[in-house]
Amino acid sequence: EVGYAEGMLGLHADYRLNDRWSVRAGYRSLFSTSDDSYREQRVLGELLYRRGLPGRVVLLDRTRLDLRWLDDLSVRVRNRPRLERTFDLR
């Protein structure tokens, strides 16, 4: 949509369990900045697995649980696996 903008405010606490595992818990408030058409309250929890692979590649796997309040409560579970590598630019 043209002319629509959305904002988000949140607070999170992260805790590293060990070299490979970390957890996050938090709260987010999402809202329309152009009018009062959209408001969402969200409580979330995340579990992140991180492991170094050969060739300076890092495997990351994040699983997130969202408890979302729009008109009613909805629950969403999302998984996001990814590979990352840092490159030197010269």
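Predicted model only: the values in this text are computed from it and were never measured.
- Residue Arg39 comes nearest to Phe31 through the heavy atom pair NH1-CB, 3.3 Å, listed as atom of the first residue, atom of the second, then distance.
- No more than 12 heavy-atom neighbours from other residues, nucleotides or ligands sit within 6.0 angstrom of CG on Asp72.
- Of all heavy-atom pairs between Arg16 and Ser22, the closest is CA-CB, 4.0 Å.
- More than 12 non-hydrogen atoms from other residues, nucleotides or ligands lie less than 6.0 angstrom from CG of Leu17.
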Without placing hydrogens or testing angles, list every side-chain donor-acceptor pair under 3.5 Å for residues 44-51, not counting sequence neighbours.
from: Glu46; atom 1: OE2; to: Arg64; atom 2: NE; distance (Å): 2.7
from: Glu46; atom 1: OE2; to: Arg64; atom 2: NH2; distance (Å): 2.6

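- Linking Ile, Leu, Val, Met, Phe, Trp and Tyr whenever their side-chain heavy atoms come within less than 4.5 Å puts Trp21 and Tyr15 in one cluster.
- Val77 and Leu73 end up in the same hydrophobic cluster when Ile, Leu, Val, Met, Phe, Trp and Tyr side chains are linked at under 4.5 Å.
- The CG atom of Leu60 lies 4.5 Å from the CD atom of Glu84; values are rounded to the nearest 0.5 Å.
- Rounding to the nearest 0.5 Å places CZ of Arg20 at 10.0 Å from CG of Leu59.
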Stepwise side-chain contact (heavy atoms from CB on, under 4.5 Å) test for Arg68 and Ser74: CA-CA 5 Å; Arg68 305 169 64 211; Ser74 75; 3.5 Å; yes

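- At a threshold of 4.5 Å between non-hydrogen side-chain atoms, the residues Glu6 and Ser32 do not count as touching.
- Remark: Asp61 does not engage Arg80 in a salt bridge, criterion side-chain N to carboxylate O under 4.0 Å.
- Rounding to the nearest 0.5 Å places CZ of Arg42 at 5.0 Å from CG of Asp66.
- For residues 63-90, no pair satisfies ring pair (Phe, Tyr, Trp, His ring centres under 6.0 Å), with sequence neighbours left out.
- Considering only heavy atoms from C-beta on, Arg28 comes within 4.5 Å of His12 through its side chain.
- The neighbour count for Asn79 CG, taken as heavy atoms of other residues, nucleotides or ligands under 6.0 Å away, is above 12.
- Taking hydrophobic clusters as Ile, Leu, Val, Met, Phe, Trp and Tyr residues chained together by side-chain heavy-atom distances below 4.5 Å, Val75 shares a cluster with Val43.
- Here the side chains of Leu70 and Tyr38 are in contact, with some heavy-atom distance below 4.5 Å.
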Chi angles and distances behind the side-chain contact (heavy atoms from CB on, under 4.5 Å) call for Leu53, Val58: CA-CA 6 Å; Leu53 298 175; Val58 178; over 6 Å; no

